[in-house]
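Below is one structure, written out as structure tokens, with a few remarks after it.
Since the model is a prediction, treat every value here as computed from it, not as a measurement. Scope of the values below: all heavy atoms of this structure, side chains included, with no hydrogens, waters or symmetry mates. Lettering of chains follows the sequences in order, A, B, ..., and the numbering in each one begins at 1.
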Amino acid sequence: MLQIYNTLNRRKEPFEPLKAGHVGLYVCGVTVYDECHVGHGRVMIVYDVLFRHLQAAGYAVNYVRNITDVDDKIIKRAAENNVTPAQLSQRYIDEMHADERALNVLPPTHEPRATESIKSMVRIIGQLIDSGHAYAADNGDVFYSVKSFPDYGKLSGRKIDELRAGERVAVDEYKRDPLDFVLWKASKPDEPSWESPWGNGRPGWHIECSAMSMDLLGEEFDIHGGGADLQFPHHENEIAQSEALTCGRFARYWMHNGLVRIGEEKMSKSLNNFLTIRDVLAQYSGEEIRAFIISSHYRSPLNYTSDALLAARTALRRFYTALRGRPVPRDTLLNGPLADSTVLDAGYVERFEAAMNDDLNTPEALAVLHELANTLNKEAETDSERSIRLASTLVHLGGRLGILEKDPEVVLQGESDGEGPSAEEIEALISERRTAREARDFARSDQIRDELAARGVVLEDAGGKTTWRRD
RNA sequence: GGCUGAGUGGCAGAGUGGCUAUGCACCGGAUUGCAAAUCCGUUUACCUCGGUUCGACUCCGGGCUCAGCCUCCA
């Protein structure tokens with residue numbers, strides 16, 4: 001039974017979907033005005049792991065992750081680059097998709113763009129005005145009236161009075177109350193705009209998510225996720241808008257992933273201390289980044305350090321080394337339901353499931369994989385039934401986390417980066433070294449090994465055979 | 001100042017009211033011509049002060065420190 005930590009109630013709760021066998025999952029995606037950084041990568045990966053886990057548990061998952069493609073920053077950046085906002089956002093949507101492929105993130109079921117749901121937003125705003133939860137100001141902006149919603153603050157544990165006390169936002173003269181937030185913004189002449197009963201304008205950020213989630217998942221749905229920094233005010237506002245509108249419940253489970261830090265500080269655009277996914281991919285593989293992300297629990301803060309990335313690399317190498325040379329039916333294990341579960345080791349699968357069901361405890365799940373690798377390494381026979389079963393289990397469970405899906409040989413031997421020796425050259429040198437060793441010419445043998453090591457190739461003699469990998 | 005949450009061995013990072021997390025690093029051993037990889041074994045811990053308890057790192061309270069949010073933010 002899956003337990004999920006629900007921010008709404010500040011505790012782990014058994015997950016029970018609204019409709020048996022189905023899960024509606026909404027995650028706040030990115031505003032596309034720049035390349036994604038590691039923090040965005042964490043969101044992609046955390047909810048991808050959830051998506052995979054729910055599917056493995058047999059649920060039909062409707063996973064919606066939105067794209068905010070209308071926003072002040074997009075407009076500003078587009079003007080700076082002399083392109084239209086639509087062109088700019090399309091460019092970064094493409095970049096984001098490329099990043100996701102590199103990180104082995106499955107495409108969500110739906111990836112709505114805010115600009116495609118403007119009609120719904122206008123309709124919702126109209127209804128909120130009619131029901132007294134919103135008001136149009138003289139300048140064409142429409143605001144949500146926070147004090148019209150008694151439950152305001154239930155997600156973040158705040159009270160309206162406390163918020164007022166800590167008030168430090170410059171007060172907008174058109175707001176009736178400083179805490180009110182914008183639903184619709186009147187547009188300036190050369191900005192993208194849509195018609196509305198309150199004049200030409202564009203939607204506020206919070207209303208976008210209410211509209212897109214309702215369009216694709218209905219008024220009430222199962223899980224809403226996003227970064228911890230969105231808890232307030234964004235998610236609080238989503239609840240206020242949506243529940244005021246429907247007089248019912250909005251999302252049942254709220255999940256928040258911890259933030260990625262760099263130097264003990266949140267990684268973010270505004271602090272200008274971020275590394276893009278692209279930056280990191282120059283040095284580490286997508287799989288290594290993914291292993292780094294899942295090495296800590298999703299709710300914990302995660303420090304970005306080269307040591308941590310290196311540790312992820314070492315861990316993956318250990319797994320792939322254990323799998324090396326062991327014949328496993330990879331396609332069957334990774335794609336679709338397992339025809340015959342007897343090919344897997346039930347004990348390890350069970351422990352893995354237990355870890356994942358405990359609020360997606362991926363560090364614990366990885367610990368299970370490490371123990372599995374250890375057991376596997378003790379199995380000398382590469383093609384014994386037991387070896388194949390253990391290796392299959394490792395590949396299958398790795399796949400559940402989106403790792404270990406590659407051919408070990410390809411990962412370990414890698415691509416020559418142009419600098420390093422080619423596979424042919426390496427094989428030739430290994431052959432020469434074998435001759436030297438047979439003649440007990442260890443000086444020559446070691447010289448060849450040292451030279452290859454200096455060029456990034458490690459030789460390993462085991463079982464009378466020499467294998468190699470790039471370091 | 002207010003609201004969340006966190007403080008575990010050299011590092012990363014789980015977990016539990018009494019019993020080995022796991023990985024890396026370190027040390028010793030096996031294996032190897034020597035290595036590498038692998039295996040075996042050892043060492044290092046639970047911020048602080050009180051309380052509850054037969055017993056707390058684990059529960060409760062105070063304190064200290066850190067992070068996030070209170071402004072766009074994944």
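Closest to the side chain of A:Leu230, from the set B:A74, B:U22, B:C3, is B:A74. Nearest to the side chain of A:Glu371, among B:U22, B:C24, B:A67, sits B:U22. For A:Glu162, the listed nucleotide lying nearest its side chain is B:G2; candidates were B:A74, B:G2, B:C69. For A:Val43, the side-chain atoms get nearest to B:A74 when compared with the rest of B:A74, B:G68, B:A36. The side chain of A:Ala367 approaches B:U22 more closely than any other nucleotide in the set B:U22, B:A67, B:C70.
For A:Lys266, a side-chain nitrogen or oxygen approaches OP1 or OP2 of B:C69 to under 4.0 Å. For A:His370 and B:U22, the shortest distance from a side-chain N or O to OP1 or OP2 is not below 4.0 Å.
Between B:C46 and B:C40, the distance separating the two C1' atoms is 28 Å to the nearest Å. For the C1' atom pair drawn from B:G63 and B:A12, the interatomic distance equals 28 Å after rounding to whole Å. Comparing the C1' positions of B:C47 and B:U65 gives a spacing of 8 Å, expressed to the nearest Å. Separating the P atom of B:C59 from that of B:C27 is a span of 37 Å, rounded to the nearest Å. Rounded to the nearest Å, the gap between the C1' atom of B:A21 and that of B:U16 is 10 Å. Comparing the C1' positions of B:G15 and B:A56 gives a spacing of 14 Å, expressed to the nearest Å. Comparing the P positions of B:C26 and B:A36 gives a spacing of 11 Å, expressed to the nearest Å. The gap from the P atom of B:G9 to that of B:A45 amounts to 9 Å, rounded to the nearest Å.
Ion pairing of A:Asp345 with A:Arg351 is absent here, as no side-chain N (NZ or NE/NH1/NH2) approaches a carboxylate O to less than 4.0 Å. A salt bridge links A:Asp446 with A:Arg449; the closest basic N to acidic carboxylate O contact falls under 4.0 Å. Taking 4.0 Å as the cut-off between side-chain N and carboxylate O, A:Lys76 and A:Glu80 count as a salt-bridged pair. A salt bridge links A:Arg317 to A:Asp471: at least one charged side-chain nitrogen sits closer than 4.0 Å to a carboxylate oxygen. Residues A:Glu381 and A:Arg386 are not paired through a salt bridge, judged by the lack of any N-O separation under 4.0 Å between the basic side chain and the carboxylate.
In this structure, NZ of A:Lys269 is placed 10 Å from C1' of B:A74, rounded to the nearest angstrom. We find that CZ of A:Phe319 is positioned 16 Å from C1' of B:A37, with the value rounded to whole Å. Across the protein-nucleic acid pair, A:Glu35 atom CD and B:A74 atom P stand 15 Å apart, rounded to whole Å. A straight line from CG of A:Asp34 to P of B:C72 spans 19 Å, rounded to a whole angstrom. Regarding A:Leu323, its CG atom lies at a distance of 14 Å from the C1' atom of B:A37, rounded to whole Å. Summarising the geometry, the separation between NE2 on A:His234 and C1' on B:U71 is reported as 15 Å, rounded to the nearest angstrom. Rounded to whole Å, atom C1' of B:C72 lies 15 Å from atom CG of A:Asn272. Rounded to whole Å, atom C1' of B:C72 lies 13 Å from atom NE2 of A:His37.
B:U22 and B:A12 make up a base pair, with Watson-Crick or G-U wobble contacts both under 3.5 Å. Both distances falling under 3.5 Å, in either a Watson-Crick or a G-U wobble arrangement, occur for no nucleotide opposite B:U58. Nucleotide B:A36 is matched to nothing when pairs are restricted to Watson-Crick or G-U wobble geometry with both distances under 3.5 angstrom. Across all strands shown, B:U4 is found opposite B:A67 as a Watson-Crick or G-U wobble partner, with both distances under 3.5 Å. Remark: B:U52 base-pairs with no nucleotide; criterion is Watson-Crick or G-U wobble with both hydrogen-bond distances under 3.5 Å. Under the Watson-Crick or G-U wobble criterion, with both distances below 3.5 Å, B:U44 has no partner in any strand shown.
Annotation for A:Glu451: atom CD counts as buried by contact number, over 12 foreign heavy atoms lying within 6.0 Å. Heavy-atom neighbours of A:Arg440 CZ from other residues, nucleotides or ligands within 6.0 Å: at or below the threshold of 12.
In this pair, A:Trp254 and A:His224 present their aromatic rings parallel. The plane angle is below 30°, not in the 30 to 60° band. Using bins of under 30°, 30° to 60° and over 60° for the plane-to-plane angle, the ring pair A:His234/A:His206 lands in the tilted bin. Using the six-membered ring where Trp is involved, A:His256 and A:His235 have ring planes that are tilted, between 30° and 60° apart.
Residue pairs meeting the side chain to side chain donor-acceptor pair (under 3.5 Å) criterion with at least one partner in residues 97-107 of chain A, sequence neighbours excluded, are A:Arg65-A:Glu100, A:His97-A:Glu111, A:Asp99-A:Arg278, A:Asn104-A:Glu405.
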Exercise for review: Apply side-chain contact (heavy atoms from CB on, under 4.5 Å) to A:Ile207 and A:Tyr144, showing your working.
Suggested key: CA-CA 10 Å; A:Ile207 197 67; A:Tyr144 185 92; over 6 Å; no
Point to revise | side-chain contact (heavy atoms from CB on, under 4.5 Å) between A:Asp34 and A:Thr276, intermediate numbers included | key: CA-CA 9 Å; A:Asp34 203 346; A:Thr276 65; 5.8 Å; no
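Under the 6.0 Å distance and 45° angle rule, A:Arg400 does not count as a cation-pi partner of A:Phe352.
Proximity of a side-chain donor or acceptor of A:Ser387 to a complementary backbone N or O of A:Thr382 within less than 3.5 Å is detected. At distances below 3.5 Å, at least one donor-acceptor pair connects side-chain atoms of A:Glu236 with backbone N or O atoms of A:Lys154.
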Practice item. For each nucleotide in nucleotides 30-35 of chain B, reading 5' to 3', give B when a protein heavy atom comes within less than 4.0 Å of its base, S when such contact involves only the sugar-phosphate, and - otherwise. Key: ---BBB
Practice item. Can you check each nucleotide of nucleotides 7-15 of chain B against protein heavy atoms at under 4.0 Å and return B for base, S for sugar-phosphate only, - for none, in 5' to 3' order? Key: ------SSS
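Contacts between residues 141-153 of chain A and RNA chain B, counted as heavy-atom distances below 4.0 Å, involve no residue at all. Residues from residues 96-111 of chain A placing a heavy atom under 4.0 Å of any atom in RNA chain B do not occur.
Among A:Gln413, A:Glu460, A:Glu409, the single residue meeting the side-chain hydrogen bond (donor to acceptor under 3.5 Å, both in side chains) criterion with A:Arg469 is A:Glu460. Partner of A:Asp359 under the salt bridge (Lys or Arg N to Asp or Glu O under 4.0 Å) criterion, chosen from A:Arg299, A:Lys12, A:Arg11: A:Arg299.
Between A:Ala315 and A:Thr31, the residue anchored closer to the 5' end of RNA chain B is A:Ala315, taking for each the nucleotide with the nearest heavy atom.
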Distances under 3.5 Å between nitrogen or oxygen atoms of protein and nucleotides 38-47 of chain B:
| from | atom 1 | to | atom 2 | distance (Å) |
| --- | --- | --- | --- | --- |
| B:U38 | O3' | A:Asn377 | ND2 | 3.1 |
| B:C39 | OP1 | A:Asn374 | ND2 | 3.0 |
| B:C39 | OP1 | A:Asn377 | ND2 | 3.3 |
| B:C40 | OP1 | A:Lys378 | NZ | 2.9 |
| B:C40 | OP2 | A:Asn374 | ND2 | 3.3 |

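In summary, the aromatic rings of A:Tyr26 and A:Tyr63 are positioned with their centroids too far apart to meet the 6.0 Å limit.
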